[in-house]
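Read through the structure below, which is laid out as structure tokens, and then see the notes.
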Amino acid sequence: MNKTNIVLFGPPGAGKGTQSAFLVERYGLEHLSTGDLLRGEIKRGTELGLRAQELMSAGELVPDVVVVGMIRNRLRERPDAKGFIFDGFPRTIAQAEALDSTLKALGTEITVMLSLEVEEEELVKRLLGRGATSGREDDRSEEVVRKRIKEYHDKTAPLKGYYDAQGKLRPIDGMGGIAAITARLVEAIG
Ligand code: B4P
């Protein structure tokens, strides 16, 4: 089956959530954000949410087994989707391998990884800016924001090599205005 499956990649604050909203509308794809799914669990006060909350507010990643399980369930629930935008997932090599094998079992694969490239000080500025109004605990303190960026460099950035080896990495300049960045993404999707 010919689905379009996009990994929208980048450090915290790179614009993954922001840009996903535009791409989902333009291409009619399903949006799968592990951050949003986890925040939903926290809001509902589930056991999983309680566990995730502590890690997220400390700027750490939630265990692979938790997020992989959530994504697998969503993929199986939507066999007729035109494709998916993965926003904030995968974040570790183990998650990427699990995603590849799940998609393979469903007869499809990742089409492209669009990697938003943004300078660190701009990330900190954006996240603290959101923290001033959003009530998101992990956006409030500079210490936690920098910890999230460090987690990204340690555990998540190596995924660029993983997708590059499959010929699927497309770096995108993520600096500048939101509309200009959307235009770059649309051009890369083609
Ligand atoms: P996420 O919810 O994925 O959040 P994020 O990476 O911090 O933000 P995102 O990149 O989507 O935000 P955006 O730039 O759009 O993760 C939160 C936490 O959940 C993680 O730290 C982790 O604990 C956990 N988690 C999630 N997925 C996981 C996984 N797979 N494995 C393990 N743990 C996981 O927006 C940021 C701000 O910038 C906004 O205010 C926006 O308006 C602004 N902005 C965007 N583009 C801009 C631009 N061009 N110019 C100016 N401002 C801009």
Side-chain angles (χ1 to χ4, degrees), residues 6-24 31-43 48-75 84-100 102 113-159 162 172-185:
I6 298 172
V7 172
L8 193 53
F9 189 79
K16 303 183 295 288
T18 305
Q19 296 296 339
S20 290
F22 293 105
L23 299 181
V24 159
H31 182 206
L32 283 183
S33 156
T34 38
D36 288 350
L37 292 172
L38 290 167
R39 282 184 288 277
E41 296 282 341
I42 292 172
K43 211 167 163 193
L48 190 162
L50 290 174
R51 254 180 84 204
Q53 185 168 29
E54 212 174 305
L55 293 163
M56 287 168 78
S57 29
E60 287 168 29
L61 294 184
V62 171
D64 291 336
V65 62
V66 172
V67 285
V68 166
M70 288 191 322
I71 289 287
R72 276 199 181 129
N73 290 341
R74 292 303 185 292
L75 289 173
F84 295 89
I85 293 195
F86 297 96
D87 160 8
F89 179 90
R91 260 176 156 97
T92 63
I93 298 281
Q95 291 180 20
E97 288 170 349
L99 179 61
D100 275 353
T102 304
M113 175 208 243
L114 302 172
S115 174
L116 291 165
E117 309 292 330
V118 179
E119 289 162 17
E120 177 153 341
E121 291 317 304
E122 172 69 11
L123 299 173
V124 173
K125 198 174 106 194
R126 287 183 192 175
L127 292 172
L128 292 176
R130 181 169 64 185
T133 54
S134 70
R136 260 182 69 167
E137 225 173 299
D138 60 343
D139 284 342
R140 280 205 200 123
S141 98
E142 182 168 342
E143 195 191 335
V144 172
V145 163
R146 292 206 186 264
K147 165 81 187 180
R148 287 161 62 196
I149 296 171
K150 184 175 182 310
E151 284 274 275
Y152 166 80
H153 286 301
D154 292 349
K155 299 177 184 164
T156 307
L159 285 177
Y162 179 89
I172 305 287
D173 179 4
M175 297 289 289
I178 290 172
I181 298 164
T182 308
R184 288 175 208 143
L185 290 166

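Counting starts at 1 for both ligands and their atoms, in listed order.
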One residue to check: [X]. Relative to ligand 1, which of side chain, backbone, both or neither has a non-hydrogen atom less than 4.0 Å away?
{"X": "D138", "result": "side chain"}
{"X": "V67", "result": "side chain"}
{"X": "E151", "result": "neither"}
{"X": "E54", "result": "neither"}
{"X": "M56", "result": "both"}
{"X": "P12", "result": "both"}
{"X": "D64", "result": "neither"}

Scan side-chain atoms only and decide if [X] and [Y] contain a donor-acceptor pair under the 3.5 Å cut-off.
{"X": "T92", "Y": "D64", "answer": "yes"}
{"X": "T156", "Y": "E151", "answer": "no"}
{"X": "T102", "Y": "R72", "answer": "yes"}

Per-atom contacts of ligand 1 with [X], taking only distances under 4.0 Å to non-hydrogen atoms:
{"X": "G35", "answer": "2 (O), 26 (C), 27 (N)"}
{"X": "G88", "answer": "27 (N), 28 (C), 29 (C), 30 (N)"}
{"X": "R148", "answer": "5 (P), 7 (O), 21 (O)"}
{"X": "I181", "answer": "49 (N)"}

Apply the test salt bridge (Lys or Arg N to Asp or Glu O under 4.0 Å) to residues D87 and K16: give CA-CA distance (whole Å), side-chain angles for both, the deciding distance (0.1 Å), then the verdict. CA-CA 6 Å; D87 160 8; K16 303 183 295 288; 5.4 Å; no
I'd like to know if [X] contacts ligand 1, where contact means a heavy-atom distance under 4.0 Å to any ligand atom.
{"X": "G176", "answer": "yes"}
{"X": "R39", "answer": "yes"}
{"X": "G13", "answer": "yes"}
{"X": "K155", "answer": "no"}
{"X": "L55", "answer": "no"}

N/O donor-acceptor pair under 3.5 Å between [X] side chain and [Y] backbone:
{"X": "R148", "Y": "D138", "value": "yes"}
{"X": "R126", "Y": "G13", "value": "yes"}
{"X": "R184", "Y": "D173", "value": "yes"}

Shortest non-hydrogen contact between G174 and I181, atoms and distance: O-CD1, 3.2 Å
Which atom of V66 lies closest to which atom of L48, heavy atoms considered: CG1-CD2, 3.7 Å
Closest heavy-atom approach to atom 8 (O) of ligand 1 among R130, Q95, Q19, E60 is made by R130
One thing to verify: whether D36 and K43 come together as a salt bridge, which I'm taking to mean a side-chain N less than 4.0 angstrom from a carboxylate O. no
Looking only at distances, can you tell me whether any N or O atom of R91, backbone or side chain, sits closer than 3.5 Å to an N or O atom of ligand 1? yes
In Å, rounded to the nearest 0.5 Å, how long is the span from NZ of K147 to OG of S141? 12.0 Å
